[in-house]
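Scroll down for the structure; my scribbles are underneath it.
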Amino acid sequence: MRASENIIVNMMTSKEIRQTFLEFFRLKQHTIVPSAPLVIKDDPTLMFTNAGMNQFKDIFLGNKIQFSSRVADTQKCLRVSGKHNDLEEVGIDTYHHTMFEMLGNWSFGDPSSSDGIGNGYFKKEAIAWSWELLTEVFMIPVERLYVTVFEGDEKENLPRDEEAFSSWKKLVSVDRIIFSNKKDNFWEMGETGPCGPCSEIHVDARDDDARKDINGRDLVNKGDPEVIEIWNLVFMQFNRLVNGSLQQLPARHVDTGMGFERLTRVMQQKRSNYETDIFHPLIEFIEQKSGINYGADEKTDIAMRVMSDHIRAIAFAIADGQIPSNTGAGYVIRRILRRAVRYYYSFLNIHSPVLHDMVAILSDQFENVFPEIKSQQVYVARVIEEEENSFLKTLESGLKRIALLEKDLIHNDILKGKTAFELYDTFGFPIDLTRLIAQEKNWTIDEIGFYEELEKQKSRSRRAAEVVSSDWTELKKVDKIEFAGYDLLETKSSVVKYRRQNAKDREIFQLVLDRTPFYPESGGQVGDKGKIIFGKEEVEVLDTKKENDLIIHFLNKFPELLSTADLRESSEVIATINRSYRFNTMANHTATHLLHAALRNVLGDHVQQKGSLVAPDHLRFDFSHFSKIAAHELESIEMLVNEKIRQNILREVQIMPVGEAVKSGARALFGEKYGEQVRVVTFDKNFSRELCGGTHVPATGMIGYFKIVSESAVAAGIRRIEAITGITSETLIRQNFDSIENLKREFGNDPEKGIAQLKDENTRLKKQVEEFSSVQLNQLKKELKSRIENIHGVNFIAAEVSVSSPDALKKLAYDLRNETDNLFFAAGAAIDNRAHLCIIISDQLVKEKTLDAAQIIRDISREINGGGGGQKFFATAGGTNVKGIQTALKQAKLKLSK
Ligand code: SER
């Protein structure tokens with residue numbers, strides 16, 4: 001849409017657009033909820049939030065009761081992996097993004113369904129309100145809008161969506177309604193999970209001439225950059241099972257998602273999302289940095305779009321706790337960052353870190369919507385800068401590698417697939433970068449070979465990571481799974497459901513109980529181990545994990561009772577956890593809280609938790625801090641923690657609204673999803689108060705002695721402390737005492753004195769040996785000088801000598817050269833059963849006789865089964881054949897005689 005046409009009277013800023021959306025639904029009795037973090041922690045089927053509905057998945061599946069029937073929000077989403085993956089399109093076109101905001105409204109349980117409660121709604125209301133908002137509030141002209149309706153699918157046995165069709169017919173003329181197939185109009189979150197038919201709303205943003213030429217209707221869902229989908233209304237009715245079939249959900253729900261950046265583009269009448277006030281400040285910054293104008297050239301435009309898109313994904317992911325790394329979600333973020341660096345390096349001629357400076361722009365822009373960037377701005381920028389620096393170095397070493405390839409690996413100007421893959425795998429060179437470099441050098445790449453290698457690698461890692469789950473077998477319906485492990489170590493429980501899972505050729509059984517004392521791995525604390533007793537049969541629980549709100553026990557074998565009908569009638573089991581495993585873990589969890597508080601006390605308030613591992617035998621705590629922690633600081637931290645342990649402070653646990661908790665000074669973590677009500681764990685209200693779901697000792701005295709065992713760097717701006725407590729630190733202390741006792745036995749009662757004496761003696765002896773060797777070397781030198789042969793004016797010596805090290809051989813050669821004019825010295829020595837050769841030549845001879853020690857040594861070292869090199873005046877070689885030394889020396893002489 002051109003600004004001059006001024007079709008939307010109502011020109012709003014992006015902030016106003018977001019606010020208007022939320023306000024519209026607030027007035028329709030929706031509760032406005034915060035965005036869930038971008039990085040997903042408790043769902044193995046998903047790495048990043050890829051749709052607004054992710055955080056409500058359990059409500060759709062009936063695993064969780066909804067807290068409100070109507071909800072709306074703006075959700076940070078990232079689509080770079082899995083089913084919804086837009087990465088390759090980002091930047092090339094003007095309307096796909098990695099990270100984007102999805103404006104959404106939801107209804108959980110419609111009133112017409114048996115499970116529906118209160119004021120839920122379904123298709124009729126969802127459709128009417130979307131139309132009202134777009135056409136009456138945002139004033140988008142009706143003649144620019146088209147809607148789609150699911151046409152049905154015979155294979156899936158799904159009928160045409162008549163209900164949606166009849167709702168649309170009341171609002172819009174039939175020629176604006178398009179029936180579409182399953183690909184476009186049946187929404188699924190992933191391979192399995194909640195899904196249903198959908199209706200999309202598309203906007204035709206072309207100018208009048210173009211609209212006259214081709215009917216917008218014919219361009220819907222055809223990839224036209226100006227006829228785009230902006231809102232998707234999904235009617236959740238089914239759960240897709242592992243076997244591919246569709247199961248009716250317990251209730252019907254509404255899930256809508258509107259692309260905020262696209263809506264803003266339409267409202268601000270721009271031809272591209274990147275021209276809106278969301279992206280414009282970022283693009284302007286890049287223009288200044290590169291000295292190139294946006295719009296000047298397609299290639300530089302793409303690079304600017306890539307940078308301004310990617311920095312958002314990177315910064316938000318890091319702010320939500322995801323550090324770039326070599327695996328999993330961290331690797332995805334690293335790849336996005338590298339893609340951005342590669343584009344600015346190759347197309348904008350920027351060769352030093354620049355993305356990190358863009359964090360400040362985002363921090364201001366999102367201060368009131370997603371404050372997590374503002375409050376961690378320095379940290380986020382620092383992590384990004386470090387990553388940029390290291391990838392820029394990699395890029396340069398990759399380029400050097402390519403320069404080397406020019407000599408060795410190119411046959412008929414073709415770069416082998418294997419080599420292109422090595423560049424990709426080892427140096428992080430994506431194929432399009434290699435392609436670009438190849439183009440400049442007039443090489444062709446064996447791309448088929450490259451993709452073959454890539455496929456091989458992919459299937460290797462697929463095989464390693466593949467986890468195949470069967471569908472759940474449900475025995476009992478429950479509203480809520482109860483975690484009873486704060487108070488109990490053993491409970492009577494009933495089986496709710498179970499399934500089998502195959503991972504890496506191993507079969508595992510997963511079981512869900514209605515109540516359980518087993519703590520599922522979360523918040524850094526490891527999952528409980530223990531056993532579940534089925535009648536007479538005991539089954540071991542190897543681990544406990546969370547999947548959204550389910551607590552899943554991983555069993556070592558399939559309980560026999562489950563294969564019989566008995567359990568259905570009396571499905572009662574006894575679940576009991578391994579006490580010492582849990583107790584030691586609890587001690588370490590409380591110690592982690594004390595450590596966190598002590599760090600802030602000693603180092604300052606900038607310390608933020610960035611990750612933790614709480615296991616029975618040790619704890620690990622990662623936090624933001626910019627320099628190495630000095631020994632005296634570590635000592636103060638350790639002393640403070642131990643002081644708090646000795647004070648035997650009692651645990652206090654309170655459940656309260658999240659706002660109140662934060663106001664009371666409780667520490668919350670960025671990137672953590674908190675509900676309305678939170679659990680606050682306090683050990684001395686003036687010392688440690690944290691939002692935490694973990695298990696803790698009743699009083700700090702039970703932790704025992706706390707000992708820091710290491711302090712290190714994890715990434716830019718992140719330090720790691722590892723520590724031990726209780727029985728583990730006791731054992732360490734005992735072992736240390738034992739070694740001191742052993743030392744005493746060896747060195748007498750004062751081992752420190754004994755060791756100092758030993759060191760002195762060692763230094764004295766070393767000196768003596770050196771003196772002795774130098775006398776020997778002098779003698780050797782004299783003897784060698786007496787053997788000088790004059791060959792065509794060259795003072796030639798060749799000899800096999802007896803020396804103790806290659807360094808001694810080198811010293812001998814240099815000394816001789818300093819003391820003898822026109823010298824050509826070739827020496828060999830057998831040291832520790834290896835053959836060593838060296839040649840040294842006076843500078844004068846190198847020049848006049850064009851002699852090259854490196855070349856000669858390369859030739860003669862064949863005799864010792866080895867190789868070597870060096871400079872023209874001095875070269876060395878090593879090899880395995882000691883017997884070849886004499887022949888090698890003879891050959892050296894021949895070279896001179898020629
Ligand atoms: N879940 C749907 C989508 O992501 C609508 O919110 O498009």
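We count ligands from 1, going down the list as the structure has it; atoms in each ligand are counted the same way. Predicted, not measured: the structure shown is a model, and the values here were computed from it. Just so you know, these numbers use all the heavy atoms, side chains as well, and skip hydrogens, waters and symmetry mates.
The residues lining ligand 1, counting any heavy atom closer than 4.0 Å, are Ala51, Met53, Arg79, Met102, Trp187, Asn232, Val234, Asp255, Thr256, Gly257.
Remark: Arg305 engages Tyr294 in a side-chain hydrogen bond (donor to acceptor under 3.5 Å, both in side chains) (not counting sequence neighbours). With sequence neighbours excluded, the residues satisfying side-chain contact (heavy atoms from CB on, under 4.5 Å) with Glu156 are Asp153, Leu158, Lys182, Arg240, Leu246. For Asn368, the side-chain contact (heavy atoms from CB on, under 4.5 Å) test picks out no residue, with sequence neighbours left out.
A salt bridge does not link Arg206 to Asp224: none of the charged side-chain nitrogens sits closer than 4.0 Å to a carboxylate oxygen.
Under a 3.5 Å cut-off, the side chain of Arg176 and the backbone N or O of Leu145 do form a donor-acceptor pair.
In this structure, Lys28 satisfies the cation-pi test against Phe24, with its NZ or CZ atom closer than 6.0 Å to the six-membered ring centre and inside 45 degrees of the ring normal.
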